[in-house]
Amino acid sequence: MSIAIRIDEELYDQAKRTALAESRTVPLQIAYWAKLGKLALENPDLPIEFIRDILIAKNMNEHETFSFEE
């Protein structure tokens, strides 16, 4: 389900540039920033870069499967 919202044009333009660089759509870029900001507010003791790296690692793990040989 999607919901239309109004955002500042400058924020949209920044999201558009970043989305292009990071191979995301503008809505996904804004959702990513929102998720990152929410997690940062919930974990003020953690550096934002650390939280970002955790999200990147989590995303990579969801798309990779590992098999260990015995």
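In this chain, residues are counted from 1 in sequence order.
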Undergrad: Would you please name every residue forming a side-chain contact (heavy atoms from CB on, under 4.5 Å) with I7, sequence neighbours left out?
TA: I5, L11, Y12, I30
Undergrad: Which residues satisfy the side-chain hydrogen bond (donor to acceptor under 3.5 Å, both in side chains) test with E9, sequence neighbours excluded?
TA: none
Undergrad: Under the rule for side-chain contact (heavy atoms from CB on, under 4.5 Å), what residues qualify as partners of A40, not counting sequence neighbours?
TA: I48, I51
Undergrad: Filter on salt bridge (charged side-chain N to carboxylate O under 4.0 Å, His left out), then keep only pairs touching residues 13-29, sequence neighbours left out; what's left?
TA: E22-R24
Undergrad: Hey, could you give me each pair passing side chain to side chain donor-acceptor pair (under 3.5 Å) that has a residue in residues 39-52? Not counting sequence neighbours.
TA: K38-E42
Undergrad: Are V26 and L36 linked, directly or through other ILVMFWY residues, by side chains that come within less than 4.5 angstrom of each other?
TA: yes
Undergrad: Considering only heavy atoms from C-beta outward, does the side chain of Y32 approach that of L55 to under 4.5 Å?
TA: yes
Undergrad: Any pair with a residue in residues 26-36 that passes salt bridge (charged side-chain N to carboxylate O under 4.0 Å, His left out), sequence neighbours left out, goes on the list, sorted by first then second residue, please.
TA: none
